[in-house]
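The structure presented is a predicted model; accordingly, all values stated were derived computationally and were not measured. We count residues from 1, following the sequence as given.
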Amino acid sequence: MAAPDPLLVFDRTVLRQRRDRAARGWERHAFLKREIAERLVERLDDVRRSFPLALDLGCHGDEIATALGSRTTIGRLVRSDLGQPFARHAGGPAVVADEEALPFAAASFDLVMSAMNLHWVNDLPGTLIQIGRILKPDGLFLGAMLGGGTLWQLRQALAAAESEIEGGLSPRVSPFADLRDAAGLLQRAGFALPVADGETIDVEYESALALMRDLGAMGEGNLVLERRRGMARRTTMLRAAEIYNERFTGASGRVMASFEVLFLHGWAPHASQPRPLKPGSAALRLAEALDTAEHSAGEKVERS
């Protein structure tokens with residue numbers, strides 16, 4: 001029996017099926033994608049240049065295009081999505097494409113943007129390398145993906161309920177990348193000037209069950225390959241909902257769900273970009289710049 005591939009964490013066949021179902025009633029559940037897309041486009045406003053050809057990787061319901069509005073920063077926007085229904089209803093040129101095997105030629109795009117999509121990629125460094133490959137030199141990648149702090153309340157409630165009723169734990173909420181690793185992933189993928197930062201979006205729901213239903217409608221349910229198959233035990237899920245409501249109900253009487261969003265920013269390398277100086281090449285010593293005395297390592301400094 002072959003050993004499982006350690007890179008295969010998520011079931012992307014199920015992801016495609018859920019993405020196709022989510023497209024049918026997407027407008028009723030697109031609020032989180034809209035919010036993330038708007039915050040991502042706001043970061044594009046900080047870049048003082050234009051991009052003749054851009055790619056929206058994982059377009060869903062065209063939220064990035066909507067957030068761009070009347071901006072003239074982007075000349076032409078190509079959409080791509082894992083699911084045909086989303087790609088078919090995009091408001092511009094679109095293709096069906098798998099993020100793990102991008103079908104675009106090298107140096108095709110001036111800008112690649114991706115909102116709320118890359119957290120389902122099994123080999124994230126490999127996908128980032130592919131994104132770097134399809135960018136033109138000095139092209140920009142801007143991404144926003146769900147991070148490891150997402151749905152921490154639901155993780156706690158499910159773990160407590162499963163331990164209480166079933167006497168053990170199983171993967172019920174998918175694992176995501178941490179902020180401390182994000183900039184390193186960009187650097188490993190060959191991006192220049194990599195930057196990563198995070199924000200938390202808190203959303204109120206009527207109840208924990210309403211949250212679970214909404215996650216399913218968005219196609220954002222558990223996709224871990226080692227998850228338990230078949231229907232979850234009804235008693236376990238109901239108990240998890242009770243625990244969630246007990247622990248995380250706010251003053252408004254509604255429960256809170258947290259979504260951590262990691263924002264990634266990196267450039268395809270180009271000779272015009274600033275580079276760090278070689279060690280020993282500085283024209284001035286640090287002590288001179290700070291207008292202070294210089295002491296050798298290990299030398300005791302007299303305090304006044």
Compare every heavy atom of [Y] with every heavy atom of [X], then report the nearest pair and how far apart it is.
X	Y	result
A189	P125	CB-O, 4.2 Å
A183	A196	N-CB, 3.7 Å
H119	F10	O-CE1, 3.3 Å
A217	A22	O-CB, 3.3 Å
A37	A115	CA-CB, 4.3 Å
D202	T200	OD1-CG2, 3.6 Å

Can you name the one residue among V112, I134, L57 that meets side chain to side chain contact (heavy atoms under 4.5 Å, CB included) with F141?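 That would be V112.
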Are any non-hydrogen side-chain atoms of [X] and [Y] less than 4.5 angstrom apart?
X	Y	answer
F248	Q156	yes
V41	R71	yes
L44	L140	yes
H265	P194	no
D98	L82	yes
H89	R79	no
M116	E63	no
L211	L151	yes

Give a yes or no on whether [X] and [Y] share a hydrophobic cluster (residues Ile, Leu, Val, Met, Phe, Trp, Tyr; joining criterion: side-chain heavy atoms under 4.5 Å apart).
X	Y	answer
I64	L118	no
L135	L53	yes
V121	L264	yes
M212	L32	yes
L209	V203	yes

Taking the six-membered ring for Trp, are W152 and F259 ring centroids under 6.0 Å apart?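 No, the ring of W152 stays outside the 6.0 Å limit from the ring of F259, centre to centre.
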With a cut-off of 6.0 Å (strictly less than), are more than 12 heavy atoms of other residues, nucleotides or ligands near CZ of R188?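 It does not: R188 CZ has 12 such atoms or fewer within range.
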Would you check if the side chain of [X] reaches a backbone N or O of [Y] as a donor-acceptor pair within less than 3.5 Å?
X	Y	result
Y244	M256	yes
D81	A87	no
R12	W120	yes
D178	R180	no
Q130	L102	yes
S80	V95	no
R49	V47	no
S163	A160	no
N245	V255	no
R133	F104	yes

Between H60 and N117, is the side-chain contact (heavy atoms from CB on, under 4.5 Å) condition met? List the steps. CA-CA 9 Å; H60 286 91; N117 192 60; 4.2 Å; yes
Hey, what do you get for [atom1] ([X]) to [atom2] ([Y]), rounding to the nearest 0.5 Å?
X	Y	atom1	atom2	answer
T150	L215	OG1	CG	10.5 Å
R234	I165	CZ	CD1	12.0 Å
Q153	L158	CD	CG	11.5 Å
D123	L128	CG	CG	9.0 Å
W267	L142	CH2	CG	8.0 Å
L179	E199	CG	CD	11.0 Å

Let me see the working for W26 and K33 under side-chain contact (heavy atoms from CB on, under 4.5 Å), right down to the final yes or no. CA-CA 10 Å; W26 181 246; K33 173 66 184 273; 3.8 Å; yes
Should the pair R43 and F263 be classed as cation-pi, given the thresholds of under 6.0 Å to the six-membered ring centre and 45° from the axis?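 That pair qualifies as a cation-pi contact.
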For the pair [X] and [Y], find out whether any cationic side-chain nitrogen is under 4.0 Å from an anionic carboxylate oxygen.
X	Y	result
K136	D110	yes
E42	R39	no
E246	R239	yes

Go through the steps to decide whether D214 and F31 satisfy the test side-chain contact (heavy atoms from CB on, under 4.5 Å), and finish with yes or no. CA-CA 11 Å; D214 205 35; F31 68 93; 3.1 Å; yes
Could you check I201 against I36 for side-chain contact (heavy atoms from CB on, under 4.5 Å), going step by step and ending with a plain yes or no? CA-CA 9 Å; I201 300 174; I36 293 174; 4.0 Å; yes
What residues form a side chain to side chain donor-acceptor pair (under 3.5 Å) with H270, not counting sequence neighbours?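 Scan of H270 (side chain to side chain donor-acceptor pair (under 3.5 Å), adjacent residues dropped) gives S272.
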